[in-house]
Amino acid sequence: MRIYNTMTGTKETFVPINRDSIGIYACGVTVYDYCHIGHARSAVVFDVIIRYLRYKGYKVKYVRNFTDIDDKIIRKANEEGIPWNEVSEKYIKEFYADMDSLGIARADVEPKATDHIQEMIHIVQTLIDNGYAYTVVEGDSKSVYFEVAKFKDYGKLSKKSLDDLLAGARIDINESKRSPADFALWKASKAGEPWWESPWGKGRPGWHIECTAMSMKHIGETLDIHGGGADLVFPHHENEIAQSEAYSGKDFARYWVHNGFITIDKEKMSKSLGNFFTIREILRKYDPEVVRCFLLSSHYRSPLEFSQEQLKESEASLDRFYTTYERIEDYLRYGARQKKKGDISAFEIDKAIERFSKSFEDAMDDDFNTALAIGSIFEFLRILNRYIDASPPISEATAVLEKGKQCLKKYTSTLNIFNRTPYQWQLAMLKSKDIPITETQIQEKIAERHNARESKNYLLADNIRNELEQLGILLEDKKDGTLWKVKRDAPEAN
RNA sequence: GGCGGCGUACCCAAGUGGCAAGGGAGAGGUCUGCAAAACCUUUAUCCAGCGGUUCGAAUCCGCUCGCCGCCUCCA
């Protein structure tokens, strides 16, 4: 299995330190507002990575933190006139609400920065003792800075040289720092800010130190995988490496995994540009599974352009999957309902199952290529359809199709999409498209139309069908009854 | 300015040396009381442009054009 490592810029064979206890740390969010779809991408990407590694038999300990103290949280608290921890607690709750709905499993440990103040103080003190950090008096207490020039590998992740960084004039000139590139490990608190007692007086932790403290406490000094959004490469992860390796003398992480951005009109979606959509906004119009499918429809490192069209395409993909799935179920229940078309043997399906398993795993083994893996699902689906078209004897079909279904299930559960029943999918569509009719009412209409058709009153039958179509419900006449489904391009509610 | 990435059919998208996955849209067909849906088939002599390496390149190298990211908080 190969993973792209930002550190080396190449795909490398994944060799964990110990396959029975893989440690993965992903940077979570700063909880000061609702999450947008970009946060969702990162969360979904690592959710799939974890699921797939577990499927492969690795024992994974997954740690994802909350940054629950920082400038933005303090500012928000001041704006709203509430304590800072009320802000962070509120948005942690909202984070869970959003991520749960997207089918993202909880991490094994979800530490908060403010629960690790003592660990951070210990690391900072060690860095001072080792000569990597220095204190500066600021107000009534002291701040602590990491002296970047002392760490000779600085820039190895982001491929930046210290000289280039210093030449780029955009770094703040802070008189008290020895170099503009030095970063805060511990910040002296200003009036009115939250603070913790420390050897340097009242203060609060810098951003980068929290991840070092939490990952080392919950995993150890060397992580198998460290992940996050591509915008964290510099300075966040670069600084984490500097302080962690200066502290422990060991490599901080073996594989660095970074996901690409969501873009809008080709530009990065971000809070500061204001071109973002929150997860909950999108979920008002689209089913969570649609959003998740959209997020997995291209490779995790590529930029992913957000648009209604893209979401509709993902919806269409899911609809196609569940329609075929329903067709399989239908065949297993009732057998052939149409003329035999083509010829394909159970043996060939067996081979197709093997081929599908291999192509799915090959895709995922190659740096978690979910786009390719989804492609292999559709390829497999087409073969199953062809098999049903060939109207195989039910006894033979049962064995083969059940096997195919189980194989699908095994893999779709690693993506956590294509994972419901066709019926659940249709109910979800009914809900997300705000169709103004209940399932019970639809069934009544179907029964009414059934009677009309029995008595050959096709005019009435057609009227009922048209009436439902107006509402966004399509009827499919089958041998043993009529199936309803939500019209894909049904008008959205105004 | 420094560093990095991207440019594949009408749209999205995989593919990083050996006949160009998959999805959406379009076209033709099958099924059907009629429909619709579904299913099947089909849709890039070619991968931004130019040049080079090679028996062979979308894939490697060089240049050009266009787009984007990081260098400041950011998933």
Side-chain angles (χ1 to χ4, degrees), chain A residues 6 9 11 26-30 32 35-46 70-72 155 158-161 163-165 167-172 181 207 227-236 238 258-263 266-273 276 293-294 297-299 301-305 307 309-310 312-321 323-324 326-327 330 337-339 341-342 359 363 366 369-382 385-386 388-389 453 456 458-459 461-462 465-466 469 474-479 483-485 487-488:
Chain A
T6 307
K11 286 183 197 170
C27 290
V29 294
T30 300
Y32 72 103
C35 288
H36 60 62
I37 185 73
H39 299 112
R41 184 182 198 189
S42 199
V44 166
V45 162
F46 287 98
D70 96 318
D71 291 346
K72 288 186 292 265
S158 57
K159 315 286 181 282
K160 294 179 192 304
S161 78
D163 290 344
D164 292 342
L165 284 169
R170 298 182 66 185
I171 298 171
D172 286 344
W207 176 34
D231 47 3
L232 297 182
V233 172
F234 190 91
H236 186 50
E238 196 68 71
H258 293 99
N259 63 273
F261 303 123
I262 302 277
T263 59
K266 303 253 180 187
E267 277 193 328
K268 178 186 172 185
M269 180 186 287
S270 72
K271 298 280 288 190
S272 42
L273 283 172
F276 63 94
C293 184
F294 159 69
S297 65
S298 74
H299 188 89
R301 279 188 283 115
S302 311
L304 178 55
E305 174 74 10
S307 70
E309 285 65 36
Q310 296 283 78
K312 288 201 174 114
E313 281 195 15
S314 293
E315 197 171 86
S317 294
L318 285 159
D319 203 55
R320 178 173 147 72
F321 177 89
T323 299
T324 304
E326 171 59 32
R327 192 167 182 239
D330 186 75
R337 36 170 94 258
Q338 59 188 30
K339 270 194 313 206
K341 273 192 297 192
S359 58
D366 185 16
N369 193 334
T370 54
L372 190 57
I374 290 171
S376 74
I377 289 175
F378 284 102
E379 232 167 327
F380 182 49
L381 242 43
R382 195 170 56 200
N385 272 317
R386 211 181 294 154
I388 292 177
D389 276 347
R453 291 180 77 212
K456 304 238 189 275
Y458 290 121
L459 186 66
D462 289 352
R465 185 171 63 198
N466 291 337
E469 190 178 347
L474 293 173
L475 297 185
E476 269 179 57
D477 291 333
K478 301 265 189 175
K479 205 189 282 177
L483 208 68
W484 65 270
K485 59 182 290 188
K487 200 175 167 182
R488 209 189 290 150

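We name chains A, B, ... by the order of the sequence lines, and we start the count at 1 in each one. Predicted model, so just to flag it, every value in this text is computed and none were measured.
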Visitor: Of the candidate nucleotides rA36(B), rA75(B), rC71(B), which contains the atom at the shortest distance from the side chain of M269(A)?
Guide: rA75(B)
Visitor: Check the geometry between Y458(A) and rG33(B) and answer yes if their rings are stacked (centres below 5.5 Å, planes below 30°), otherwise no.
Guide: yes
Visitor: If only side-chain N and O atoms of S161(A) are considered, is one of them under 4.0 Å from the OP1 or OP2 phosphate oxygen of rC3(B)?
Guide: no
Visitor: Counting only side-chain N and O atoms of R386(A), is one of them less than 4.0 Å from OP1 or OP2 of rU41(B)?
Guide: yes
Visitor: Checking E305(A) side chain against K266(A) main chain: does a donor-acceptor pair fall under 3.5 Å?
Guide: yes
Visitor: For K268(A), check salt bridge (Lys or Arg N to Asp or Glu O under 4.0 Å) against everything at least two apart and list the hits.
Guide: D231(A)
Visitor: Could you work out which one of rA75(B), rA14(B), rC39(B) sits closest to the side chain of H39(A)?
Guide: rA75(B)
Visitor: Could you identify the nucleotide paired to rA37(B), looking across every strand shown and requiring Watson-Crick or G-U wobble geometry with both distances under 3.5 Å?
Guide: none
Visitor: Starting the side chain at C-beta, find the nucleotide from rC3(B), rG69(B), rC40(B) nearest to D389(A).
Guide: rC40(B)
Visitor: Sequence neighbours excluded, which residues qualify as salt bridge (Lys or Arg N to Asp or Glu O under 4.0 Å) partners of R386(A)?
Guide: none
Visitor: My understanding is that only residues two or more places apart in sequence, or in another chain, count here; which of them pass side-chain contact (heavy atoms from CB on, under 4.5 Å) with L372(A)?
Guide: A363(A), N369(A)
Visitor: For a quick test of reading the model: is some side-chain N or O of N369(A) closer than 4.0 Å to OP1 or OP2 of rG15(B)?
Guide: yes
Visitor: Not counting sequence neighbours, which residues clear salt bridge (Lys or Arg N to Asp or Glu O under 4.0 Å) with K159(A)? List them please.
Guide: none
Visitor: Which base sits across from rA58(B) as a Watson-Crick or G-U pair, both distances under 3.5 Å?
Guide: none
Visitor: Output the single nucleotide from rC40(B), rA14(B), rA75(B) whose closest atom is nearest the side chain of H299(A).
Guide: rA14(B)
Visitor: Nearest to the side chain of H36(A), which nucleotide is it out of rA75(B), rC73(B), rC39(B)?
Guide: rA75(B)
Visitor: Let's see if you can work this out: which of rA14(B), rG33(B), rG2(B) has an atom nearest to the side-chain heavy atoms of K160(A)?
Guide: rG2(B)
Visitor: What contact category does L483(A) fall into here, base, sugar-phosphate, or nothing, at under 4.0 angstrom with non-hydrogen atoms?
Guide: nothing
Visitor: From the list rA36(B), rA75(B), rA35(B), which nucleotide is the closest neighbour of the side chain of E476(A)?
Guide: rA36(B)
Visitor: Taking N and O atoms by type only, does the side chain of R465(A) place a donor or acceptor under 3.5 Å from a partner on the base of rA36(B)?
Guide: no
Visitor: Base of rG5(B), side chain of R301(A) - is there a donor-acceptor contact under 3.5 Å?
Guide: no
Visitor: In the strands shown, is rA20(B) matched to any nucleotide by a Watson-Crick or G-U wobble pair with both distances under 3.5 Å, and which?
Guide: none
Visitor: Side-chain N or O of K266(A) less than 4.0 angstrom from OP1 or OP2 on rC6(B)?
Guide: no
Visitor: Output the distance between atom CG (D319(A)) and atom OG1 (T323(A)), rounded to the nearest 0.5 Å.
Guide: 4.5 Å
Visitor: Which residue, I37(A) or T323(A), contacts RNA chain B at a nucleotide closer to its 5' end, judged by nearest heavy atom?
Guide: T323(A)
Visitor: Measure from the side-chain heavy atoms of S272(A) and tell me the nearest of rG15(B), rA75(B), rC73(B).
Guide: rC73(B)
Visitor: Is rU45(B) paired to anything, Watson-Crick or G-U wobble with both distances less than 3.5 Å, and if yes, which nucleotide?
Guide: none
Visitor: How far does CG of L475(A) sit from CG of L483(A), to the nearest 0.5 angstrom?
Guide: 9.0 Å
Visitor: Taking only the side-chain nitrogens and oxygens of S302(A), find out if one of them lies under 4.0 Å from OP1 or OP2 of rA14(B).
Guide: yes
Visitor: Roughly, in whole Å, what's the span from CG in D330(A) to C1' in rC31(B)?
Guide: 14 Å
Visitor: If the sugar-phosphate is the primed atoms plus P, OP1 and OP2 and the base is the rest, what is the B/S/- string for nucleotides 16-23 of chain B, using protein heavy atoms under 4.0 Å?
Guide: -----BSB
Visitor: Which residue, D319(A) or D462(A), contacts RNA chain B at a nucleotide closer to its 5' end, judged by nearest heavy atom?
Guide: D462(A)
Visitor: Touch check for G228(A), heavy atoms < 4.0 angstrom, all strands: base, sugar-phosphate only, or nothing?
Guide: sugar-phosphate
Visitor: Could I get the full list of side-chain contact (heavy atoms from CB on, under 4.5 Å) partners for P235(A), not counting sequence neighbours?
Guide: H208(A), N239(A)
Visitor: Nearest 0.5 Å please: distance from the NE2 atom of H299(A) over to the CG atom of D366(A).
Guide: 8.0 Å
